[in-house]
Structure formats: C-alpha cells, structure tokens
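Order of appearance sets the numbers: ligands from 1, and atoms from 1 within every ligand.
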Amino acid sequence: MPRPKNAMEIFQRLDKSNCRDCGEKTCLAFAGAVFKGQKRIEECPKLDRATIDRFSEPNQNQASGEQDQDDVLLGLKKKITAVDLTAAAVRAGGCFSDGKLTLKVLGKDVSIDSRGNFSADIHINPWVVGPYLIYVLTGKGLPISGNWVSFRELQNGKERYPLFQKRCEEVLKNVADTYTDLFDDMVHIFNGRQVDKQFRSDISVVLYPLPKVPVMVCYWLPEDGIESSLNLFFDETANENIGVDALFTLGAGFAQMFAKLSLRHGYSTSNTLSE
Ligand code: SF4
C-alpha cells in the first residue's frame with residue numbers, strides 16, 4: 001500500500017476513543033504527530049499488527065530526522081578513533097581484547113573497535129549505539145553510588161521530563177498494565193535484577209543498559225480507584241557517566257522495545273536489542 005498522503009488517512013484507522021494512552025489529547029492529534037514523524041504509530045496501544053506495519057514506513061520528515069541521526073552517529077564514531085580504548089574499558093566498566101572494547105548492554109556483549117565499528121552477537125539499533133558512544137566518549141566512569149534519583153532531578157532533566165514521561169514512562173506503564181510477563185522478561189532476558197521494593201512500589205527491577213548506568217523501574221499496581229503508575233530512577237552519578245540526553249534516548253528506545261515485545265507476545269527476544 002502507498003504511504004499515507006495526510007494525517008486523516010492515519011486517523012481513519014484509529015480507535016477514536018481519545019483515551020490519551022498515547023500521550024496525545026485526541027486521536028486526531030496523534031494521527032498528526034505520526035504523520036509528521038513526531039510519534040510512532042505503535043504508541044497507540046489499540047492498534048493491530050497490520051495497521052502498525054502499514055504505517056511504520058518512514059515518511060519524508062522521519063527520513064530527514066534519521067539522516068540527521070546518522071550524521072550525529074557518524075561524527076561520534078569518528079571521535080572514537082582518537083580514544084584509547086584500553087583506558088576507556090577501565091573507565092566504562094568493560095573489557096578490552098583483540099583490539100575491541102566490549103561492554104554489557106542489558107546483559108549482552110556489544111563491542112566497538114578503534115575505527116568505530118560495532119560488533120555483537122545480537123542486532124543493535126541506534127537507540128543503543130548513540131548512548132553507547134556518548135558513554136565511552138564522555139562518561140567519567142564514576143562508581144555507582146546506590147542513591148536513586150528521578151529523571152527530573154538530573155541536570156537538565158526537569159525541562160525534558162514531560163517528553164521523557166510520555167515517550168518512556170507512560171509507554172512502559174501501558175505495557176506493564178497489560179503484559180504480565182514484562183518484569184519477568186526484564187529479569188530473565190535482559191539480565192535485570194528484582195530488588196527490594198523501593199519508594200513503596202509493588203515491583204522494582206534494576207537493569208543495566210550500560211555497565212555504570214543502572215536504571216530502576218518501579219511499578220505501582222492500581223489500588224482503591226487510583227490507577228497504576230510507573231517511574232524510572234537513575235543512579236545519582238548518571239549526569240557524569242552519561243548525561244540526560246543519552247538517558248532520554250535509552251529510555252525511549254527501551255520503552256519501544258518492550259512495547260513491541262508485548263505486541264508480539266511470544267516473539268523471541270533472546271538475540272536482539274531491537275527498536
Ligand atoms: S492511544 Fe490510540 S485510541 Fe487512545 S487517544 Fe491515542 S490514538 Fe486515540
């Protein structure tokens with residue numbers, strides 16, 4: 001089928017309940033955002049697979065955004081050529097052998113060589129590549145403090161929090177509400193660790209998207225007419241070890257990965273870190 005010519009084509013396929021689960025006030029606003037490439041069609045949890053596939057093809061705006069992203073990644077990869085990867089491995093909590101720095105990303109080995117080439121036994125996407133490069137290039141490698149802070153408490157986190165909440169926490173909360181295996185998958189597939197309940201949550205799981213960048217996912221079940229909620233917390237060293245922009249990319253990519261996983265219930269994720 002050809003790409004949609006306008007937002008109305010997308011709108012016609014939506015639920016039209018204006019439920020706001022996608023973070024937009026109306027289905028029409030969501031359709032407009034998808035058409036402009038500001039939202040992904042799968043952020044509406046009420047669509048079937050065929051509709052998601054139909055509108056997942058990149059439009060022009062998305063394509064130009066992706067070109068910008070490619071240029072940024074290329075620039076970061078060039079900077080890697082000037083980095084001592086042996087020293088970077090120590091700082092980043094990884095290891096160096098055969099000319100490659102290897103870091104654990106959600107429990108999987110992802111390596112980079114001195115020319116900026118990535119290698120892994122898994123498929124990796126830009127939401128992993130960009131933060132990985134920033135972590136290696138600019139991270140200070142401070143030891144994890146064990147003190148958890150919210151995204152808002154990080155430097156420049158307050159301004160970016162509304163979007164982070166929509167793109168990451170809300171998406172993950174919707175997944176957690178409906179996909180009962182979410183936290184099991186986090187532990188068993190992505191090497192997460194269930195920890196004592198934090199901040200009076202019902203479930204708390206710590207994941208390591210990068211060795212010195214732990215992320216704690218806390219989920220509160222619905223209770224007494226109050227709907228469920230989900231928040232992410234970061235170690236207070238996150239500012240120095242990676243920075244809020246890369247955390248945003250990681251969080252949003254991470255949420256999309258789990259949203260897709262929940263839609264494809266039963267799909268094997270053992271060998272992928274997909275979008
Ligand atoms: S989540 Fe889907 S149905 Fe709900 S407002 Fe957004 S587009 Fe409409």
Any donor-acceptor pair under 3.5 Å from N156 side chain to V244 backbone: no
Ring geometry between Y132 and F118 (parallel below 30°, tilted from 30 to 60°, perpendicular above 60°): perpendicular
Given F190, F183, Y179, the one that forms ring-ring contact (aromatic ring centres under 6.0 Å, His included) with F258: F190
Ring pair (Phe, Tyr, Trp, His ring centres under 6.0 Å) partners of F30, counting only residues at least two apart: none
Distance below 2.8 Å from atom 4 (Fe) of ligand 1: protein N/O/S atoms: C19 SG
Listed once per pair and sorted, the side chain to side chain donor-acceptor pair (under 3.5 Å) pairs that draw on residues 213-227, sequence neighbours left out: K173-E227, D177-Y219
Residue pairs fulfilling salt bridge (charged side-chain N to carboxylate O under 4.0 Å, His left out) with at least one residue in residues 77-89, sequence neighbours excluded: none
